[in-house]
Protein chains: 2
Amino acid sequence: MAHSEHRSDDALPVESTPTTSAVALAVSTVIFALRSDGEGGGASLRLPLVRRIREPFEGEWALPGGPISAHEGLAAAAGRNLLSTTGLTPTYLEQLYAFGDTDRSPGERVVSIVYWALVRPDQADRATVGDNVRWFAADELPRLAFDHNEIVDYALWRLRTKMEYSRIAHAFLGETFTLAELRQVHEAVLQRELDPANFRRQMESSHAVVPTGERLTGGRHRPPRLYRYNDSAPLIDNGPLTSA
Amino acid sequence: MAHSEHRSDDALPVESTPTTSAVALAVSTVIFALRSDGEGGGASLRLPLVRRIREPFEGEWALPGGPISAHEGLAAAAGRNLLSTTGLTPTYLEQLYAFGDTDRSPGERVVSIVYWALVRPDQADRATVGDNVRWFAADELPRLAFDHNEIVDYALWRLRTKMEYSRIAHAFLGETFTLAELRQVHEAVLQRELDPANFRRQMESSHAVVPTGERLTGGRHRPPRLYRYNDSAPLIDNGPLTSA
DNA sequence: GCAAAAGTGTTTGGTATACACCCATGT
DNA sequence: ACATGGGTGTATACCAAACACTTTTGC
């Protein structure tokens, strides 16, 4: 450790030290959307990346990110940055992890506080796309700048883990949806098929969704009920933390 | 938002911006130990706090913390700081959350990356104690500096949640232990009694612990088997992240 | 009528809980 | 002997998965 050891009195809470540190602070976001590929009902997880226009890693793909300005919270910084780089407004936004290895950015010390976000397909369609912003399939990423491959892996793990015990799947869908659509979201994320009958019972018993009374017509089969997300049901989720 | 909006090209990944931001970066740690209170087998969660010797919140109790130096990782910074302020070496150390509300430190913008740690009783006994470092019962804390009460609440929630599906209880114990001791750790953390018979079966089926073959004599009853933590068993835990 | 998906019912196996009961040691 | 916790056995309840079956639409 290069740092000289502090005496106890010296190293008491730092929040009083007004010296800005030599460590740069940034916010990045892993954004997930579910997009149907081709024709079959199968959908796949996709995420937008931006091309770096400076060294290091100039020309390579990276997570959208930016600096934190002094007068905005972390989640706000993530949301603002997200909007300005990709044009996206997330339905769901949560802190993922703070990455701070000393060697993650060549020549410079950067600590990145990474968020992960879910967006709906209609929002994703409206997103900026161009030479410097492009969507990739989450399981077919190129080699990314910095430690961003690791970060995406971790975000994917969190998404999949959380899908099993929480109810975030609706963040990929519109206001109303059928149980089949909701199930297909689960199937696409978890990468396995689910029994429609059991899935229905799980959703009903969890009270995560409520029927709207309407049905979706137009399919060449029995018209399914439309459901809406149940906002009043409690999330057994983030513990004491409400925001984020 | 006081910050002017970035143009897309402008706000691409920041890791290249060498300007140090106006935001201070710190590391703090919530340290838990299990200490038997009085005589009964009952133990309670306790944590060490340090007294602030500067404004803001001078004289109030706060979590141990300090700045991040340029050439050490986040977990290393937490560990070093922990050692220098309290003399403790944790058995378990994990990142909790990055706290960065704009108003959490009066007059200054501080982002704190908070870790949580578990220490064994023998380590806890060796810890520095004095006018500026004192142990408190986790459920009888005074009003702390900054948002540290919130942070401790969140750490407690994480500890309790994780205790139910992971195997971190052994971090509170020595090299070998009886199942009764391990069960008492669970009971103290979860604040409810557990059936000894069922607890035994859960531990056996999870293969989290292995019998050493030895027994603990000296009690005025049948000598219980001693167990050791099973390092080779997988933790279904932090996903792709290995360190921390 | 037939295909296709919605929706219901039933069986089954695993797992958590409660609790009765025996075992081995110190006093 | 008896008190105390160690350790085993077992009945019950609950829950998730598997799958057979009925319903309702479009063609």
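In what follows, chains are A, B, ... by sequence order, proteins preceding strands, each numbered from 1.
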Discussion item. I'd like to check the side-chain contact (heavy atoms from CB on, under 4.5 Å) partners of Thr178(B); sequence neighbours left out, ordered by chain and number.
Written reply: Ala180(B), Glu181(B), Leu216(B), Pro224(B), Leu226(B)
Item to complete: Establish, from distance only, whether the side-chain atoms of Arg225(B) and Thr212(B) form a donor-acceptor pair under 3.5 Å.
Response: no
Please list, one pair per line, the donor and acceptor atoms closer than 3.5 Å that link side chains of residues 135-145 of chain B to other protein atoms, with sequence neighbours excluded.
none

Response to the item:
From CG of Asn198(A) across to P of dA6(C) the rounded distance in Å is 15 Å
Item to complete: For Arg183(A) and Glu187(A), run salt bridge (charged side-chain N to carboxylate O under 4.0 Å, His left out): C-alpha distance rounded to whole Å, both residues' side-chain angles, the deciding distance at 0.1 Å, then the answer.
Response: CA-CA 6 Å; Arg183(A) 176 168 50 83; Glu187(A) 289 176 340; 3.3 Å; yes
Item to complete: Check the pair Asp125(A) / Arg35(A) against salt bridge (charged side-chain N to carboxylate O under 4.0 Å, His left out), numbers first and verdict last.
Response: CA-CA 9 Å; Asp125(A) 289 337; Arg35(A) 317 196 79 175; 2.5 Å; yes
Fill in: Thr128(A) (side chain) donor-acceptor with Thr86(A) (main chain) under 3.5 angstrom
yes
Fill in: d(CZ, Arg222(A); C1', dC2(C)) in whole Å
17 Å
Discussion item. Taking any atom closer than 4.0 angstrom to a non-hydrogen atom of chain A, what span of DNA chain D does the protein reach, first nucleotide to last?
Written reply: dA17(D) to dG26(D)
Worksheet item: Gln202(A) or Pro223(A): which one's nearest nucleotide on DNA chain D is closer to the 5' end?
Response: Gln202(A)
Worksheet entry | Interface with DNA chain D, restricted to residues 206-219 of chain A and to heavy atoms under 4.0 Å | Gly219(A)
Discussion item. Could you report the tightest heavy-atom contact between Ala171(A) and Arg120(A), atom names first, then the distance?
Written reply: O-CG, 3.4 Å
Worksheet item: Do the ring centers of Phe177(B) and Tyr227(B) come within less than 6.0 Å of each other?
Response: no
Discussion item. Assess whether a salt bridge exists between Arg80(A) and Glu72(A), defined as any Lys/Arg side-chain N lying under 4.0 Å from an Asp/Glu carboxylate O.
Written reply: yes
Worksheet item: Picking from dT17(C), dT25(C), dG7(C), which would you name as closest to the side chain of Arg200(A)?
Response: dG7(C)
Discussion item. Does the plane of the ring in Tyr154(A) sit parallel, tilted or perpendicular to the ring in Trp157(A)? Use 30° and 60° as the thresholds.
Written reply: parallel
Worksheet entry | Sugar-phosphate only, base, or nothing, as touched by Arg225(A) at under 4.0 Å among non-hydrogen atoms | sugar-phosphate
Worksheet entry | Gap between atoms CZ and P, on Arg201(B) and dC19(C) respectively (whole Å) | 14 Å
Worksheet item: So which one's nearest nucleotide on DNA chain D is more toward 5', Ser205(A) or Arg220(A)?
Response: Ser205(A)
Worksheet item: Relative to each other, are the rings of His170(B) and Tyr229(B) parallel, tilted or perpendicular (30° and 60° limits)?
Response: parallel
Worksheet item: Where is the tightest heavy-atom contact between Val119(B) and Ala33(B), given as atom of each residue plus distance?
Response: CG2-CB, 3.5 Å
Fill in: Nucleic acid contacts - residues 185-196 of chain B versus DNA chain C, non-hydrogen atoms under 4.0 Å
Asp195(B)
Discussion item. Quick check: Trp116(A) with Tyr92(A) (ring centres under 6.0 Å apart)?
Written reply: yes
Discussion item. Within residues 176-183 of chain B, which residues have any heavy atom lying less than 4.0 Å from an atom of DNA chain D?
Written reply: Ala180(B), Arg183(B)
